[in-house]
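Worksheet for the structure shown next.
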Amino acid sequence: MLILDRLRQSFAAALDKAVQHFIDQGSADSASSTNDFAGLSQQDLESYAAMVRPTADPRFGDYQANCAMPLAKILGRAPRDIATALVHYLDVADMCDDVQIAGPGFINLRLKSQFLGDQIALMLKDDRLGVPLTTSPRTIVVDYSSPNVAKPMHVGHIRSTVIGDALARTFRFMGHHVITDNHLGDWGTQFGMVIYGFKHFGDEAALTSCPVDELSRLYRLVNRIIEYHTAASEIESARTAVADTARMAEAAQDAIAAAKEPKEKKSLEKSHASISKKHAAAIEKRDKLELIVTSSADDATFMHLAAQHPDIADAVLNETARLHEGDADNLALWKRFLPYCRDEIDRIYQRLDVSFDHTLGESFYHEMLGKVVEDLRSAGLASDSEGAVCVFLPDFDAPMIVRKRDGAFLYATTDLATLFYRRQHFAADEILYVVDSRQSEHFEKLFAVARRIGFEDIQLVHVNFGTVLGADGRPFKTRSGSSVGLESLLDEAVSRAMAVVCDPERSARLDPPMDDFEKRQIASVVGHGAIKYADLSHHRTSDYKFDLQKMVSMDGNTSTYIQYAYARVSGIMQKGGTELQQIARFSNAPLLDDPSERALAMTLLKFGESLAQVRAEYAPNFLVDYLYETARAYAVFNENCPVLKASDDQTTRSRLVLVATTARVLRQGLELLGIQVVARM
RNA sequence: GCGCCCGUAGCUCAAUUGGAUAGAGCGUCGGCCUCCGAAGCCGAAGGUUGUGGGUUCAAAUCCCGCCGGGCGUACCA
């Protein structure tokens, strides 16, 4: 059991007794006691016991209990009296050598060094590093990554992929039955685009020799033509909008000048600000369209193509519709293209070391959609509205549309079908959707419908995440407005790592020297790790600025820092000529005389706590923070405590235990994040 | 208009969900390689947690009002 959980258990017992003590006292002395408090329920007990937590500051010890203050109110006693009683009934003598009451009634606990040492020895001998398997395993479906295939993956896909993968690995390690499922977008308009593209601009030879490049070319070309026509048709109204908002802003300005009462003025100023904002947005939109139109005008070849395909957007939708209806030609093309698309994304997954138990894309559910809509209808939930089939929900303005006017289904329909499938085939207790925050309303509706059709027993969670921003604080895009390709970023990160690995000053120290294979291996592990770590180190719900320079700088709080700590640890063990397993098997509890030894041991023992945090909030950044803290504690230890050059053998053996445990925690922790390590770098 | 999210050090971000004197990294300034890896370590400066109220033993965290930003909002996903 985790130390924290043991302490909480001890406190739960002490709480029970202490509360009883005060109740008894109250009834015997009814004059001074006004409370008719009957005692704590099991749930209360647990919630008060949960107020035991690691201290924020080492001056207060290792753990602190904060439950005396809130109890004071309920029991009608001074918080310090409660704390005193708690300490009296608390039985932690085997773990703690010091229990103190401080401030308004904090109970500070300091663990015995002997106890910490014993725990480290146990941890090192344990395959699971002292992390217990969960006592309540659940079947958890993790739905993540889910890119649209047939178009290149871009930075927008990295968060879902990396966060989902880390959660799946972590929960699996904790003992849950995790099923990962990549809900691929393999049935949408992008295939209509590629099909249309192939029929009109396709190059059979190119498709045979480099299918992925050809498909990507077709997608981009069709997309560009569509964007061009859209821009050309909208630009006039965009210009008008700029002029209109400018006039409105002017009028609003005049109104402010004319206003007499301050109150009126204030409200007018507010509306002026709102109009100004609209004006700015209108300008931005116009400029964007202007850019598309003018930059295309210079490209004669492109303009020729665009002119030949004026109705391309409708035609693409038509191709998509025909695919969905089972048109033989389109279906044959789809079947031909899909494997290439899969190969393409699989190559990226391989680079990222990400894999899935299932890849059930939208196409997989296609034939179930009609039934989903009919079932909703017969259950009285769905009804016709403006030609579409809709589910109206009390808490939402807009309905959830499950079938369009033209008969086509939507992603809401697919998501419902997926839900049925996962219940039936996966027996899920919990389904996690690792998807962008911007889709939260969709999931709120989806979950609301799910509750109405009998999914109350499955915990549905939208594991939302924020947007990846560029240096300007706007969603990360290239200057031309297109998304930044994921693969080029990975390449860049790896090549920067390679430059550091190949630094002659650094490699000169290594014996034996590195060959090219090892250098490439290290650059790959460091480069890919840098990208993942940067993403995982932010809380998932916050937006963050994507700064490649910072990620691969190899300084400060980066994956490199932790990988480097691991490499140093490995270096010591290798130099010592002692196999890690041997150290684990033959060593006793380490002595923790130096403060940095004790601090390192304390940190190592909190590994399981960090995983519990990840689990509670579906947030891998807690594990990242923990690993950084661990690597830091190791660095301090490493600075202060020679291992192989310690004054005596006993100290060397003792410290080797800490070194070996550090190695395992860092490696295991990074592995749960999907990040690899190397023995030297 | 309505709804959701966010304002924390010069910059990028944390803060175990209400706990003690708000922490890291980058950047700046100053120290440390005859000693197991300097991709490292130590120190300094830097804050009225956007703002004004409220709730209580205790607020960056919860509630209300402002100010500023982002996103979503009936047939794309």
Side-chain angles (χ1 to χ4, degrees), chain A residues 4 51 53-57 59-60 64 66 69-70 72-73 79 102-106 108 146 148 185 188-190 273-274 362 385-390 396-406 408-412 414-415 435-442 444 464 466-467 469 473-475 500-501 503 506 509-510 526 537-539 541-545 547 549-550 553-558 560-561 563-565 567-568 570-576 606 609-610 612-613 616-617 621-622 624-626 628-629 632 635-636 638-646 652 655 659 680-681:
Chain A
L4 180 57
M51 290 181 187
R53 55 188 54 181
T55 52
D57 190 320
R59 282 184 296 121
F60 304 132
Q64 66 182 72
N66 303 334
M69 286 82 80
K73 179 148 293 178
F106 295 108
N108 294 334
S146 309
N148 278 332
T189 314
Q190 79 276 20
S274 137
E362 291 174 330
S385 172
E386 298 177 28
V389 183
C390 302
F396 299 91
D397 293 337
M400 173 188 242
I401 300 175
V402 291
R403 183 161 205 168
K404 300 201 300 190
R405 196 167 20 222
D406 66 6
F409 301 104
L410 295 104
Y411 77 141
T414 312
D415 279 349
V435 181
D436 199 297
S437 292
R438 284 173 285 198
Q439 291 188 42
S440 46
E441 199 172 332
H442 163 69
E444 282 169 25
N464 62 319
T467 310
L469 306 172
R474 319 220 32 176
V500 178
V501 171
D503 182 343
R506 203 180 311 285
R509 276 198 296 255
L510 291 171
V526 171
S537 63
H538 298 96
H539 189 94
T541 56
S542 48
D543 298 344
Y544 77 93
K545 287 194 182 171
D547 184 345
Q549 182 70 46
K550 190 168 122 186
S553 70
M554 323 276 156
D555 286 322
N557 188 354
T558 61
T560 312
Y561 180 86
Q563 288 166 325
Y564 179 68
R568 294 169 90 183
S570 302
I572 289 179
M573 291 202 293
Q574 207 175 24
K575 200 157 285 183
K606 286 182 183 166
E609 286 177 29
S610 74
Q613 282 180 275
E617 298 192 38
N621 67 303
F622 291 107
V624 172
D625 287 350
Y626 168 78
Y628 182 70
E629 196 185 320
R632 234 187 120 66
V636 175
N638 190 62
E639 207 72 22
N640 297 320
C641 301
V643 179
L644 303 176
K645 296 180 181 174
T652 294
R655 288 178 178 168
V659 169
R680 57 180 194 161
M681 55 193 275

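So you know, we letter chains A, B, ... as the sequences are listed, proteins then strands, and number each from 1.
An anti orientation is assigned to B:U16, its glycosidic angle lying beyond 90° of 0. B:C41 has its base anti relative to the sugar, with a glycosidic angle deviating from 0 by more than 90°.
B:C33 sits 38 Å from B:A20 when the P atoms are compared, rounded to a whole Å. As rounded to the nearest Å, B:C29 and B:U8 have P atoms that lie 26 Å from one another. Rounded to a whole angstrom, the distance from the C1' atom of B:G54 to that of B:A58 is 15 Å. Taking atom P on both B:A45 and B:C63, the two are 36 Å apart, rounded to the nearest angstrom. B:A24 and B:G46 are spaced 14 Å apart, taking the C1' atom of each and rounding to whole Å.
Comparing B:A39, B:A20, B:A15 against the side chain of A:Ala102 picks out B:A20 as the nearest. Closest contact between the side chain of A:Asn148 and the listed nucleotides B:U17, B:A77, B:G37 involves B:A77. Closest to the side chain of A:Asp555, from the set B:C26, B:A14, B:C76, is B:C26. Side-chain atoms of A:Ala635 lie closest to B:G40 of the nucleotides B:G40, B:C36, B:A20. With B:C71, B:C36, B:G37 as the candidates, the nucleotide lying closest to the side chain of A:Asn638 is B:C36.
For B:U73, neither phosphate oxygen OP1 nor OP2 lies less than 4.0 angstrom from any side-chain nitrogen or oxygen of A:Arg438. The shortest distance between the side-chain N/O atoms of A:Asn621 and the OP1/OP2 oxygens of B:A15 is below 4.0 Å. Between A:Thr467 and B:C5, a side-chain N or O to OP1/OP2 separation shorter than 4.0 Å is absent. Phosphate proximity of B:U17 to A:Arg53: present, with a side-chain N or O under 4.0 Å from OP1 or OP2. A:Arg655 has no side-chain polar atom (N or O) that falls below the 4.0 Å cut-off from OP1 or OP2 of B:C36. Between A:Lys575 and B:G37, a side-chain N or O to OP1/OP2 separation shorter than 4.0 Å is present. Between B:C76 and A:His442, no contact under 4.0 Å exists linking OP1 or OP2 to a side-chain N or O. For the OP1/OP2 pair of B:A74 and a distance below 4.0 Å, the side-chain nitrogens and oxygens of A:Arg403 include no atom meeting the criterion.
In the interface, the side chain of A:Arg59 is paired with the base of B:U21 through a donor and an acceptor atom under 3.5 Å apart. Under 3.5 Å, the side chain of A:Asn108 and the base of B:A20 form at least one donor-acceptor pair of N or O atoms. No hydrogens or angles were tested; on distance alone, nothing pairs the side chain of A:Glu609 with the base of B:U16 as donor and acceptor under 3.5 Å. Judged by distance alone with a 3.5 Å cut-off, no donor-acceptor contact links the side chain of A:Ser537 to the base of B:A14.
The base-pairing partner of B:U8, taking Watson-Crick or G-U wobble contacts with both distances under 3.5 Å, does not exist among the strands shown. For B:G47, there is no paired base (Watson-Crick or G-U wobble, both distances below 3.5 Å).
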query = With the sugar-phosphate defined as primed atoms, P, OP1 and OP2, and the base as all remaining atoms, what B/S/- string results for nucleotides 54-61 of chain B, 5' to 3', for protein heavy atoms under 4.0 Å?
reply = --SB----
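Distance A:Arg632 CZ to B:G23 P: 14 Å, rounded to the nearest Å. Atom pair A:Asp415:CG and B:C76:C1' shows a separation of 13 Å (rounding to whole Å applied).
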Between the protein and nucleotides 28-33 of chain B, list every N/O to N/O distance that falls short of 3.5 Å.
none

Please list each protein N or O that sits under 3.5 Å from an N or O in nucleotides 10-12 of chain B, with the distance.
unit_1 : atom_1 : unit_2   : atom_2 : d
B:U12  : OP1    : A:Lys545 : NZ     : 2.8
B:U12  : O2'    : A:Lys550 : NZ     : 2.6

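Nearer the 5' end of RNA chain B, as judged by each residue's closest nucleotide, is the contact made by A:Pro54, out of A:Pro54 and A:Gln439. Along RNA chain B, the nucleotide nearest to A:Glu444 and the one nearest to A:Val636 differ in position, and the one closer to the 5' end is contacted by A:Glu444.
In A:Asp397, the CG atom is not crowded: 12 or fewer heavy atoms of neighbouring residues, nucleotides or ligands sit closer than 6.0 Å.
In this structure, A:Tyr564 forms no aromatic stack with the base of B:A39, since the conditions of centre separation below 5.5 Å and plane angle below 30° are not both met. Put simply, A:Phe106 does not rest on the base of B:G19: the two rings are not both less than 5.5 Å apart at their centres and under 30° in tilt.
Counting any heavy atom pair closer than 4.0 Å across all strands shown, A:Glu386 reaches a base atom. Across all strands, A:Phe60 comes closer than 4.0 Å to base atoms (heavy-atom distances).
In this structure, A:Thr652 contributes its side chain and A:Val643 its backbone to a donor-acceptor pair below 3.5 Å.
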